[in-house]
Amino acid sequence: MSKISAPKGTRDILPSETAAWQYAERVFADVCGRFGYQEIRIPTFEQTELFQRGVGDTTDVVQKEMYTFEDKGGRSMTLRPEGTAGVVRSYLENGMASWPSPVRLFYNITAFRYEKMQKGRYREFHQFGCEAFGSAGPVVDAEMVSLLDLFFRELGLKETSLRINSIGCPTCRAEYNQKLKEYLKPHLDKLCDTCQTRYDKNPLRIIDCKEPGCRPYVQEAPALLDNLCPDCQAHFNGFCNNLDELGLKYTIDKGIVRGLDYYTRTVFEFVSEHVGTQGTICGGGRYDGLVAEMGGQPTPGIGFALGVERLLMELQQQQATMPDPAGITVYIAALGSGAAAEARRWTLRLRTLGVRAETDLLQRSLKAQLKYAGKLGVRYTVVIGEDEIKTGKIKLKDMRQHCEQEMSFEQAEQLLIEGDE
RNA sequence: GUGGGAUUAGCUCAGUUGGUUAGAGUGCCAGAUUGUGGCUCUGGAGGUCGUGGGUUCGAUUCCCAUAUCCCACCCCA
C-alpha cells in the first residue's frame, strides 16, 4: 500500500498559516469595498473554449498548462487557469452591461496551471483579483493601481516596485508588428525555436524572450511604447499623469509584455526581489477588446491578478507583522468524573456567551489537563471539583500574572466576556 | 520541456568505508504525593532509511529506474 500524498504542485495550508491567509483576505476585501468593488464568485471550471478564446490560443497558459478534461457528457472542461475570462463570461451572461457603469468586481479564487514547480509557483494557487468594466479613460487605470498600493500599505508590504508599460491597441500593434518583423527578419535564423513560431503568430512575445541567443536582438529591437498610435500615446500619458497626481511611484519598463493575449494599452506589474525568480506578485492591465471578443458589445475593461502565495511569502520575508491566530481564552479543568460533567456544562455556557473556552475531552489527570492548557497558551484556567460545585466559588487563575482570584461563576463569566474581546 | 541538489521517527537532522536489535534533538503519551501548567528527572509509543528493480552470502549504504520536494532555465500570479 503506497502512501497517498498531496498531488504535485498542491499543498496544505495548515492552521499555523491560515491566520495570515484570513488576514490578507480580510484586508483585501475591505480595501476593495472602499473602492466600490463587490465580490464575485465564479465556477472553478468552465468550458475549455472560454479560455481558448479569452486567454488566447497562442499563450503558453492555454497551449500547455491547462487542466483539461472531458466530463461524463463528453464536453471539454478546464479548471480555470486565471480569473478574468470567467468574470467576463459572467459579465455577459448576467447582463452586467445594464448595471450602473462602471461595473467593479473583485474575487478570491484558486487557479490551476500544469507547470513545473518552483518557489512561489504552484499548480494550484490562489489569486486575488479585480476587474472594472465600462471605463475607457486612464483614470480607472490609475485608480486600480492606487487600490493595490493601499492594499500593500495596509498589509505593511514594502519594497515592491510598480512597473508600467503600454502595449497599444490592435491598430498600433499591427503597425508595430510589421516594424518588428522587418527588424528581426535578417536575424530570424538565429532566434530560438519558440521565437521562430512567435514571429508569425505573435511577434510581440519575442520581446519577452529571455533566451540568451535572442537577447541581443531583443534589446536592440524597437519598443512598442515608442510606436504607439496617437490615441494610445494619449492614454498612456494620461495614465502617467494620473499616477503622478495620486503620488504613486512607478518606473516605465518597455519590456513588460503580459503573457495573456487579451491585454491592450496599459499593462503593469508589482515586482519583489525576494520571491526567487517568481518576483511578480501582481500583474494586470487593460483588455479593451476582450468583452467584444467574447461576443458582447465592445466594452473597455481593466483588471489585475495577485498571487496570494507570493504575497504572503513576501510579507514573511519582510517580517511584516501579522495578527496572532486567535487562541483559547480559558481552560476549564475538571477534577473527578462528577465535576467533569459540570465543567462541560459551564464550558458550553461560556461559549454561548462568546468566550473561547476548552475543557478536557480525554479524561486526563488534572496535571495533564493543565499541562495541555499551558501549551494552548490560554490566558486563564479554572479547576472545577467537588468543592467548587458545593460552594459555587471558583478560583480563576491568570496564567500570565501567576495569580488567582476567588469569585463566583457569574463574576468569572463577566470577567471572561470582557477579557475575550 | 531542459539542467543541478535532496529524500532516514510527526518535525529538524546525524549515521552506516556493505554486516546482528538504525540514533539524537524536538514533539507526543505517561509517571515522579489521586487539588494546579511552564523548569527538572524517569519511562513509553513512533521508522520494511521515498518506491521498484539490479549487483551481493548479505543493501538503509553501491548501480539503474521512478516518484516527490527544493533550486535554476522557461512561463506566469
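Proteins get letters first, then strands, A, B, ... in listed order; numbering begins at 1 in each. The shown structure was predicted, so the numbers you read here are calculated from the model rather than taken from an experiment.
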Legend entry - Whole-Å distance separating the CD atom of A:Glu124 from the C1' atom of B:rU68: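 It works out to 17 Å between those atoms.
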
Legend entry - Cation-pi geometry met for A:Arg11 and A:Tyr122 (6.0 Å, 45°):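 Yes, A:Arg11 sits over the ring of A:Tyr122.
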
Inset, instruction - Considering only atom C1', compute the distance from B:rA59 to B:rG52 and round it to an integer number of Å. - result: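 It works out to 14 Å between them.
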
Inset, instruction - Would you mind reading off the distance between A:Met117 atom CE and B:rC73 atom C1', rounded to a whole angstrom? - result: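 So the two atoms are 16 Å apart, to the nearest Å.
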
Inset, instruction - Measure from the side-chain heavy atoms of A:Gln118 and tell me the nearest of B:rC73, B:rU68, B:rC76. - result: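 The answer is B:rC73.
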
Legend entry - B:rG37 versus B:rA32 - spacing of their P atoms, nearest Å: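 That atom pair is separated by 13 Å.
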
Inset, instruction - Tell me, yes or no, whether the heavy-atom count around A:Gln47 atom CD, taken from other residues, nucleotides or ligands under 6.0 Å, exceeds 12. - result: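 No, CD of A:Gln47 has 12 or fewer neighbouring heavy atoms, counting only those of other groups under 6.0 Å.
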
Inset, instruction - Please check if atom CD in A:Gln319 has more than 12 non-hydrogen atoms from other residues, nucleotides or ligands closer than 6.0 Å. - result: no

Legend entry - Euclidean distance for C1', B:rU7 against B:rU61 (whole angstrom):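 After rounding to an integer number of Å, I get 14 Å for this pair.
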
Inset, instruction - Searching all strands shown, indicate the nucleotide that pairs with B:rG3 (Watson-Crick or G-U wobble; both distances under 3.5 Å). - result: B:rC71

Inset, instruction - Using the C1' atom as the reference point in each nucleotide, state the distance between B:rA24 and B:rU8 in Å, no decimals. - result: 13 Å

Inset, instruction - Supply the atom-to-atom distance A:Ile389 CD1 to A:Trp346 CH2, rounded to the nearest 0.5 angstrom. - result: 12.0 Å

Inset, instruction - Report yes or no: do A:Thr84 and A:Glu131 form a side-chain donor-acceptor pair below 3.5 Å? - result: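 The answer is yes; a qualifying pair exists.
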
Legend entry - Assigned partner base of B:rA32, Watson-Crick or wobble definition, under 3.5 Å: B:rU40

Legend entry - Identified pairing partner of B:rA77, criterion: Watson-Crick or G-U wobble below 3.5 Å: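 The base-pairing partner of B:rA77, which may sit in any strand shown, does not exist here.
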
Inset, instruction - Check the distance between B:rC74's P and A:Glu65's CD and give it to me in whole angstrom. - result: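 Interatomic distance, CD of A:Glu65 to P of B:rC74: 14 Å.
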
Inset, instruction - Could you tell me whether the side chains of A:Thr78 and A:Thr68 share a donor-acceptor contact shorter than 3.5 Å? - result: yes

Inset, instruction - Kindly indicate whether a cation-pi arrangement holds for A:Arg265 with A:Phe236, taking the cut-offs as under 6.0 Å to the six-membered ring centre and within 45° of the axis. - result: no

Inset, instruction - With heavy atoms under 4.0 Å as the rule, sort A:Phe112 into base, sugar-phosphate or nothing. - result: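 Here A:Phe112 touches no strand at all.
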
Inset, instruction - Would you give the length of the straight line joining atom CD1 of A:Ile42 to atom CD of A:Glu93, rounded to the nearest 0.5 angstrom? - result: 11.5 Å

Inset, instruction - Nearest whole angstrom, please: distance from the P of B:rC76 to the CD of A:Gln63. - result: 11 Å

Inset, instruction - Do nucleotides 28-40 of chain B as a string where each nucleotide becomes B, S or -: B if the base has a protein heavy atom under 4.0 Å, S if just the sugar-phosphate does, - if no protein is that close. - result: SSSS---BBBB--

Legend entry - Atom P, compared across B:rG3 and B:rG50: separation rounded to whole Å: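 Pairwise P distance, B:rG3 against B:rG50, rounds to 24 Å.
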
Inset, instruction - State the pairing partner of B:rU16; accept Watson-Crick or G-U wobble contacts with both distances under 3.5 Å, and report none otherwise. - result: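 Paired with B:rU16, as far as the under-3.5 Å criterion goes, is no nucleotide at all.
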
Inset, instruction - Measure the distance from CE on A:Met66 to C1' on B:rC75 and round it to the nearest whole Å. - result: 15 Å

Legend entry - Distance (rounded to the nearest 0.5 Å) between A:Gln369 CD and A:Ile332 CD1: 10.5 Å

Legend entry - Separation of the C1' atoms in B:rC29 and B:rG46, to the nearest angstrom: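 About 11 Å, rounded to a whole number of Å.
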
Inset, instruction - Using only heavy-atom distances, decide whether a donor-acceptor pair under 3.5 angstrom links the side-chain of A:Arg121 to the base of B:rC71. - result: no

Legend entry - Separation of atom CE in A:Met313 from atom P in B:rC71, rounded to whole Å: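 So the two atoms are 8 Å apart, to the nearest Å.
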
Legend entry - B:rA45 to B:rG27 separation - C1' atoms, rounded to the nearest Å: 13 Å

Inset, instruction - Tell me what A:Gly9 touches on the nucleic acid: a base, only sugar-phosphate, or nothing, going by heavy atoms under 4.0 Å. - result: sugar-phosphate

Legend entry - Separation between the P atoms of B:rA14 and B:rG25, rounded to whole Å: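 Nearest-Å result for B:rA14 against B:rG25 at atom P: 16 Å.
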
Legend entry - Identity of whatever pairs with B:rU55 - Watson-Crick or G-U, under 3.5 angstrom: none

Inset, instruction - Using heavy atoms to find the nearest nucleotide of RNA chain B for A:Gly283 and A:Lys116 separately, return the residue whose nucleotide is more 5′. - result: A:Lys116

Inset, instruction - Return the value, rounded to whole Å, for the distance between atom NZ of A:Lys119 and atom C1' of B:rG5. - result: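 A:Lys119 atom NZ is separated from B:rG5 atom C1' by 15 Å.
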
Legend entry - Along RNA chain B (nearest heavy atom to each residue), the more 5'-positioned of A:Lys8 and A:Leu260: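 Its nearest nucleotide being more 5', the pick is A:Lys8.
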
Inset, instruction - Report which part of the nucleic acid A:Glu269 touches: base, sugar-phosphate, or nothing (heavy-atom distance under 4.0 Å, all strands). - result: nothing

